[in-house]
Amino acid sequence: MTPRDAADAGGGRWSDLDRPPLDATALRRGLVREGGLWTGVDVVQRTGSTNSDLVAAAAAGEAGEGAVLVAEEQTTGRGRLDRRWTAPPRSGLFFSVVLTPSEVPVARWGWLPLLTGVAVATGLSRAAGVDTALKWPNDLLVTVGGEERKAGGILAERAGERAVVVGVGANVTLRAAELPVPQAGSLALAGAVSTDRDTLLRSVLRSLEEWYGRWRRAGGDPAQCGLQETYAAGCATLGRAVRAELPGDRSIVGEAVAVDGDGRLVIATEEGVQEPVGAGDIVHLRPARPA
């Protein structure tokens with residue numbers, strides 16, 4: 001019996017030696033600093049949803065801006081459109097943060113999930129060495145075996161009048177046999193040079209702090225801070241034929257041509273109409289154009 005077999009047989013928090021636990025002390029030491037955005041980093045072994053936990057805490061005044069909650073395992077994680085997000089313990093990054101962008105008009109808060117998408121894609125690309133892209137509005141895509149796969153997603157929720165809780169789920173070491181659906185992927189399956197979750201989380205949170213600061217200083221103006229241009233450059237949806245499945249059983253088919261100043265996806269239909277889509281499910285109808 002190998003040491004790993006013995007560990008697997010024994011169970012416990014070290015039962016999967018390829019998936020060591022996060023080091024909460026080191027994360028706090030590396031991220032929490034005077035004058036910085038992050039005010040606290042808490043790691044829990046298991047919870048239903050980090051977003052639900054932080055929304056409740058923020059609404060009750062128990063968690064302020066810069067609070068970070070990370071879970072080794074989520075049992076009722078949620079994505080957009082109330083989709084379930086499940087993954088084995090310690091196989092990914094599952095965390096939420098509290099943001100209170102008081103300097104930014106509420107009308108521009110819709111950019112927060114897109115901003116987070118840019119930050120997550122940038123941070124993971126830097127630390128894992130994997131090319132990443134964004135499917136509008138905020139799915140993280142990687143390439144596995146020549147195919148585009150979803151490796152992560154983002155969910156933003158209001159917490160009272162002043163706060164927004166943004167949650168991130170990203171598959172790091174998920175193996176092929178563990179994929180919940182064939183269209184899913186992970187950084188490991190995409191050939192990541194590093195799957196150290198401590199390193200990845202620090203990189204993502206530092207990138208988020210940088211982009212959030214730029215956006216706030218610009219009063220939430222996505223063009224002025226470079227967010228709109230950067231998002232468009234990394235958005236795999238633009239330039240493709242898509243179908244937007246909208247509330248009320250309505251759909252739009254056309255080419256995704258732009259992301260407008262409100263963060264909406266602009267679709268050019270065959271009738272020559274450009275329709276902005278602010279909410280809905282986007283289906284890519286043809287592969288991305290070669291780079």
Side-chain angles (χ1 to χ4, degrees), residues 30-39 51 54 58 64-68 80 93 95-128 131-141 152-159 161-168 170 200-239 256-267 274 276-279 282:
L31 292 165
V32 179
R33 56 184 176 80
E34 186 175 354
L37 174 61
W38 309 120
T39 55
N51 249 43
L54 270 192
E65 179 161 73
V68 182
R80 291 181 61 249
L93 297 177
F95 69 94
S96 299
V97 303
V98 179
L99 303 174
T100 58
S102 55
E103 311 91 336
V104 176
V106 173
R108 287 177 168 168
W109 287 16
W111 272 97
L112 276 173
L114 282 73
L115 180 155
T116 303
V118 168
V120 171
T122 302
L124 291 180
S125 294
R126 287 174 181 166
D131 287 335
T132 57
L134 294 166
K135 177 186 174 187
W136 186 90
N138 43 41
D139 284 348
L140 181 74
L141 303 179
I154 294 155
L155 177 67
E157 298 180 277
R158 289 288 293 269
E161 294 298 316
R162 298 180 57 252
V164 177
V165 172
V166 183
V168 175
L200 297 176
L201 184 56
R202 284 196 299 270
S203 181
V204 166
L205 287 173
R206 286 169 179 158
S207 179
L208 181 52
E209 180 175 12
E210 176 186 349
W211 272 108
Y212 181 63
R214 291 171 62 175
W215 179 72
R216 285 175 65 182
R217 289 190 294 273
D221 186 324
Q224 183 180 332
C225 67
L227 175 60
Q228 186 175 2
E229 180 181 5
T230 302
Y231 183 89
C235 182
T237 303
L238 294 180
V257 295
V259 174
D260 70 12
D262 294 319
R264 299 175 301 179
L265 183 68
V266 180
I267 299 176
Q274 293 200 349
V277 173
I282 301 298

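Heavy-atom basis, side chains included; hydrogens, waters and symmetry copies ignored.
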### Qualifying residues under side chain to side chain contact (heavy atoms under 4.5 Å, CB included), relative to Gln224, sequence neighbours excluded
Ala218, Asp221
### Message
Which residues pass the salt bridge (charged side-chain N to carboxylate O under 4.0 Å, His left out) test with Asp262, not counting sequence neighbours?
### Response
Arg264
### Query
salt bridge (charged side-chain N to carboxylate O under 4.0 Å, His left out) with Glu103: which residues, sequence neighbours excluded?
Arg216
### Query
Who pairs with Glu210 by side-chain hydrogen bond (donor to acceptor under 3.5 Å, both in side chains), at least two apart in sequence or on another chain?
none
### Residue pair Trp136 / Leu238, side-chain heavy-atom distance below 4.5 Å
no
## Note on the structure
With sequence neighbours left out, the residues meeting side-chain hydrogen bond (donor to acceptor under 3.5 Å, both in side chains) with Gln228 are none
#### Entry: salt bridge (charged side-chain N to carboxylate O under 4.0 Å, His left out) partners of Arg158, counting only residues at least two apart
none
### Query
With Thr116, which residues qualify under side-chain hydrogen bond (donor to acceptor under 3.5 Å, both in side chains), at least two apart?
none
### Summary
By side-chain hydrogen bond (donor to acceptor under 3.5 Å, both in side chains), Thr237 pairs with (sequence neighbours left out) His284
### Partners meeting side chain to side chain contact (heavy atoms under 4.5 Å, CB included) with Ala128 (sequence neighbours left out)
Val130, Leu187, Ala192, Leu200
## Note on the structure
The side chain to side chain contact (heavy atoms under 4.5 Å, CB included) partners of Val118 (sequence neighbours excluded) come to Thr122, Leu134, Trp211, Leu227, Thr230, Tyr231
### Query
Excluding sequence neighbours, so at least two apart, what forms side chain to side chain contact (heavy atoms under 4.5 Å, CB included) with Ala159?
Val55, Ala58, Ala163, Val165
